[in-house]
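What follows is a set of notes on a single structure, which appears directly below.
Start at 1 and go down the list; that is how both ligands and their atoms are numbered.
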Amino acid sequence: MAHNGSWLWRDAMRAIRIMVLVAGFALMAGSASAQSGQLAVDNVWARATPGKSTIGAAYATIQSPTADRLVAASTPVAEKAELHTMSMSGMVMKMRPIAGVDIPAGQKVTLAPGGMHIMLIGLKKPLRAGQSFPLTLTFAKAGTRTVAVAVEKVGAAGPAAAAMH
Ligand SMILES: [Cu+2]
């Protein structure tokens, strides 16, 4: 009986060893895809808002190895965050909400002043240069990403970090 028991033990140990090995491979595969295959949100910034303005805009650069779509945004600093686009209508710059921003596979999509942006409506406090606040972006496939938005000077044309390069 004791002999039989030790065989069972050995089988169990072998099964555990195989499971550990399989788990290890799964982890390796997971971290490899994290390095090469994930949607990335970079250069996230917003312009400081003048005076008591309750409207602001945030910008970012988004890249994904597979096609995706930015469908929503939210932040605790504003009542609402909308996806907007800006275009010239005659001599007038016009802004309008859009349902989503397509992120083509492997292509950088930049939200920037004069183009697509995330409109922050109903700011609870003015955005001051040097501050940062969280912004949650929702993608159709990649799910949600919460990123830190750096607040730049009122007249800033881009993130300070990018300007230094
Ligand atoms: Cu807007």
Side-chain angles (χ1 to χ4, degrees), residues 26-165:
L27 272 176
M28 271 157 52
S31 63
S33 76
Q35 278 168 6
S36 61
Q38 276 204 351
L39 180 137
V41 181
D42 296 302
N43 293 334
V44 195
W45 67 287
R47 265 189 188 145
T49 52
K52 286 185 174 158
S53 171
T54 57
I55 282 179
Y59 311 99
T61 302
I62 303 159
Q63 194 170 13
S64 169
T66 52
D68 210 325
R69 186 171 161 87
L70 172 62
V71 291
S74 70
T75 176
V77 304
E79 275 158 33
K80 221 160 86 168
E82 287 183 356
L83 306 174
H84 277 194
T85 185
M86 230 178 206
S87 58
M88 289 299 281
S89 168
M91 292 299 287
V92 185
M93 270 289 225
K94 276 203 166 171
M95 237 178 11
R96 63 184 170 85
I98 45 175
V101 177
D102 282 320
I103 314 294
Q107 217 175 294
K108 262 187 194 159
V109 174
T110 303
L111 310 186
M116 290 182 291
H117 55 277
I118 296 153
M119 198 87 217
L120 308 174
I121 299 160
L123 284 172
K124 290 163 190 171
K125 275 191 279 181
L127 303 176
R128 295 283 176 247
Q131 291 177 341
S132 110
F133 62 89
L135 175 72
T136 300
L137 301 177
T138 304
F139 294 91
K141 294 194 185 116
T144 60
R145 290 280 190 289
T146 298
V147 290
V149 184
V151 181
E152 308 290 347
K153 286 195 293 277
V154 175
M164 283 188 285
H165 287 270

So which of the N, O or S atoms of His84 lies nearest the Cu ion (ligand 1)? ND1

To the nearest 10 degrees, how large is the angle at the Cu ion (ligand 1) between Met119 SD and His117 NE2? 110°

Short N/O/S contact of Thr85 with the Cu ion (ligand 1) (below 2.8 Å): no

Which atom names give the shortest non-hydrogen contact between Ala73 and Ile118, and what distance separates them? CB-CG2, 3.8 Å

Ignoring hydrogens and angles, tell me if any N or O in the side chain of Arg128 forms a donor-acceptor pair with the backbone of Thr49 under 3.5 Å. yes

Please indicate whether Lys108 has more than 12 foreign heavy atoms, meaning atoms of other residues, nucleotides or ligands, lying under 6.0 Å from its NZ. no

Are a donor atom and an acceptor atom from the side chains of Thr136 and Thr146 found within less than 3.5 Å of each other? yes

